[in-house]
Each structure stands twice: as C-alpha cells, then as structure tokens.
Amino acid sequence: MKLEERVFSGMQPTGSLHLGNYLGAMLQWIELQKTHNCMYCVVDLHAITVWQDPAELRDSIRQVTAAYIAAGLDPKKSILFNQSQVSAHAELAWIFNCVARLGWLNRMTQFKEKAGKNKENASVGLYAYPNLMAADILAYRATHVPVGEDQKQHLELARDIAQKFNVDFQKEIVAAGFEDGVFFPQPEPVITGPATRVMSLRDGTKKMSKSDPSDLSRINLTDDADLIAKKVKKAKTDPEALPSEVEGLKDRPEAQNLVGIFAALSGTTREAVLAEFGGAQFSGFKISLAELATEKLAPMADEIKRLKAEPDEIDRVLADGAERARVVADPVMRKVKEIVGFIG
Ligand code: AQP
C-alpha cells in the first residue's frame, strides 16, 4: 500500500452552499482536480451532529451534490459521494474516538461556538465531530485537504490523531509491512487564495455561514441575479471611501471582506482591486461587485436548478462515487483492523 498523494475534502448538507464555501474551499478543489486524485464528499454524518429534518436533509444532500457538479467538479474525474454510504467513515471514527484524548477535543473552538452556552445539551456527535473528520481523511490515507481557514484547528487534530495512532501501534504497523512505522500520513491543510475566510455581509467580524439566521448575511450559490444585487447593495460598509493600499483596509472588516470577495471572484489580488477602485465610494464599488458576482454565480444557480430536477441522476452519481470510494477505503480498513488487533 504505497502512499500516494490524494486529496480529500467535504461540505455539510445543512442548507444551501454559499460564497464562503465556494471561495474558501471549492475553487481550490476545482484546481486540484486538474493535478491530483480527488475525493469530494457530502458529509451527511457530520450534518446530523445538530438536528436535521430528515426530508430536508435528503434534499440538501442532493442540493450540495448538484452544487459540486455545477461549480465544475467532474464526477468522472473526481470521486463525488456522500459519507453515510461508505461505512469506513463511522468505523474508523470509533477507533479514533479511542485514540484522541478528551483534552484535545476540549480545546476545539468550533464546538464551543456551535454548542454555545447550553453545552450540556449538545449532542455527543458534535463534540466528537473532529474525530469523524480525521476518519474521513485518513480512511483514504489522504495527504492534502483543501479547506477554509476555520477548519485549520480540526486539521491539526487530524494530524495529532494520525501521529498518535502511528506511535501507539508502531510494532504492529511494522509487522503489517510498513517498515518505516508510518501507516497514516500527516494530512496537509491546503488553505490558499484571497478569500480563505469570507465574512458575513451583515457583520465583517463574523464568518459567512449557512446557519446564520439572516439570509442577507450570505450569498447562496442558488441566489438569482436580483437577490445577489439586493444582498450586495444591503451589505454593511463603513462611511469612508475605499483605500488605494491594502494597509488601508486594516480595522475595516467590511471593506476588507468585500475587496477580498471581489479579488477572489475576479481571480486577481486585493492590490489589483484597490488599484482600480481606490478612492471610490462603496455605492459604485457595490454595483461592480454585484455585476461580477452575478456573472460568476448566476449560471451556476441555473445549473444547480437543472440538475436538481433530476434526482435519480444525482443519486446515480453518488452511488457510483460511493462504490469507488469503498475500493480505496476497504484495504485501508482491513489493515487498520489487523493493526489494532481485531479478527476477521
Ligand atoms: N465563510 C467561509 N469562508 C471561507 N471558507 C468557508 N467554509 C465555510 N464557511 C466559510 C469552508 O467550506 C467548507 C465546508 O464547510 P462546511 O459546510 O462543512 O461547514 P462549516 O465550515 O461549518 O460551514 P458553515 O457555512 O459555517 O456551515 P454551518 O453554518 O452549517 O456550520 C470548509 O472547508 C470550510 O472551511
């Protein structure tokens, strides 16, 4: 089982994907697809760590799959699938529940944010979420994980789990034929681009998120031109004109966010955007931003709608992806079981 470079990443089907998901992660996914073996998962097991209505969940799984394809992920080239169809994720997550330490999970900021004040009432799954994420990646011995900045801490935990597993079972790993004692790789985060953390349109200090109660806080990949224009127009800004240098964006979170979004959507840098718009008022800049966002996103929204109208076709893509994912995960899981000391 030679270790090859492999890319793994996923999104939760907890609603419609938004611009943060697209710029923070998916643009990198599309790039990596050109050079690597890639697996892109719809992480439905993660979604149920908070309550999901079953009918809505089913619809969101198809919606996210449609968005993957509409954004440019090719199901023939990359493996597109949903997590719950491949049992290796849940099996390996249990083993990792027994490798990871409570102290490690206690440090996870996402759990604290999502559980809020009522953490006694949060699901055990929400707490153990990072162990499942480590299993998602390592069930395929994936080496590269393109994500937004908010996932950095979880990725570090996945690296710690891989390392501890390799150390705890060193003797067995060598006996299983891995002479260097390395069974799991240390997965590398790939966090690149001008918009690795896209912020809410209503509050430049908060991450753009599917679960934000205000729909005006995000641009969904399913929004039409009118809605995009409305949301950009209503986006919070400060009263100053745009600066001509990037340093001038300091302490101006909303300006920083909108300039970053413009740069990412147009495939340039923030410097280039400010060279063009420095000194302009937000009202004019917002018109250009709305036009750019519509040009890039509206065709994707149409394509998502078209694909969603054929749920059988989406289900077929997912079933095919799951079958190909199992081919990669099964031999890894057989070795894991042998290493841990299970029979059969
Ligand atoms: N605002 C963001 N900026 C940049 N990247 C982002 N990502 C999410 N939000 C932003 C990246 O998208 C990928 C998938 O995220 P996810 O759907 O699995 O979960 P999340 O990070 O929890 O996203 P949300 O929108 O905040 O969902 P909810 O509200 O349901 O929790 C990841 O690579 C993430 O970094």
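Numbers for residues simply follow the sequence, beginning at 1.
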Can you establish whether the number of heavy atoms outside Glu271 located under 6.0 Å from its atom CD is more than 12?
-> yes
More than 12 heavy atoms of other groups within 6.0 Å of Lys234 NZ = no
With hydrophobic residues grouped by side-chain heavy-atom distances under 4.5 Å, do Ile314 and Ile79 end up in a single group?
-> no
Going by atom types only, do [X] and [Y] share a side-chain donor-acceptor pair under 3.5 Å?
X      : Y      : value
Glu5   : His36  : yes
Tyr140 : Asn37  : no
Ser78  : Gln33  : yes
Thr222 : Asn220 : no

Under the ring-ring contact (aromatic ring centres under 6.0 Å, His included) rule, collect the residues that match up with Phe285, sequence neighbours excluded.
-> Phe262, Phe277
Hits for ring-ring contact (aromatic ring centres under 6.0 Å, His included) against Tyr129, two or more places apart or cross-chain, chain-then-number order -> His46, His154
Hey, are the side chains of [X] and [Y] touching, using non-hydrogen atoms and a 4.5 Å cut-off?
X      : Y      : value
Met11  : Tyr40  : no
Lys210 : Asn21  : yes
Lys207 : Asp150 : yes

Side-chain donor or acceptor of Asp44 paired with backbone N/O of Ser84 under 3.5 Å | yes
For Arg197 and Glu149, indicate whether the former's side chain and the latter's backbone hold a donor-acceptor pair under 3.5 Å.
-> no
Which pairs count as side-chain hydrogen bond (donor to acceptor under 3.5 Å, both in side chains) when at least one residue sits in [range], sequence neighbours excluded?
range            : value
residues 156-174 : Lys164-Asp168
residues 56-66   : Asp59-Lys308, Arg62-Asp315, Gln63-Lys308
residues 283-293 : none

For Thr49, side-chain hydrogen bond (donor to acceptor under 3.5 Å, both in side chains) partners two or more places apart | none
Rounded to the nearest 0.5 Å, how far apart are OG1 of Thr196 and CG of Leu27?
-> 12.0 Å
Report the distance from atom CD1 of Ile69 to atom CG of Asp74, rounding to the nearest 0.5 Å.
-> 9.0 Å
Residues in salt bridge (Lys or Arg N to Asp or Glu O under 4.0 Å) with [X], at least two apart?
X      : result
Arg334 : none
Lys206 : Asp212
Arg270 : none

Check which hydrophobic residues are tied to Leu132 through side-chain heavy-atom contacts below 4.5 Å, counting indirect links as well, and list them.
-> Leu45
Taking the six-membered ring for Trp, is the centroid-to-centroid distance between His89 and Phe96 below 6.0 Å?
-> no
In this structure, which one of Asp226, Asp224, Asp223 forms a salt bridge (Lys or Arg N to Asp or Glu O under 4.0 Å) with Lys231?
-> Asp223
With sequence neighbours left out, which residue pairs that include part of residues 51-74 fulfil the ring-ring contact (aromatic ring centres under 6.0 Å, His included) condition?
-> Trp29-Tyr68
Only pairs under 3.5 Å count here: list side-chain donor-acceptor contacts from residues 238-245, not counting sequence neighbours, and write none if there are none.
residue, atom, partner, partner atom, Å
Asp238, OD1, Glu240, N, 3.2
Asp238, OD1, Arg252, NH2, 2.7
Asp238, OD2, Arg252, NE, 2.8
Asp238, OD2, Arg252, NH2, 3.4

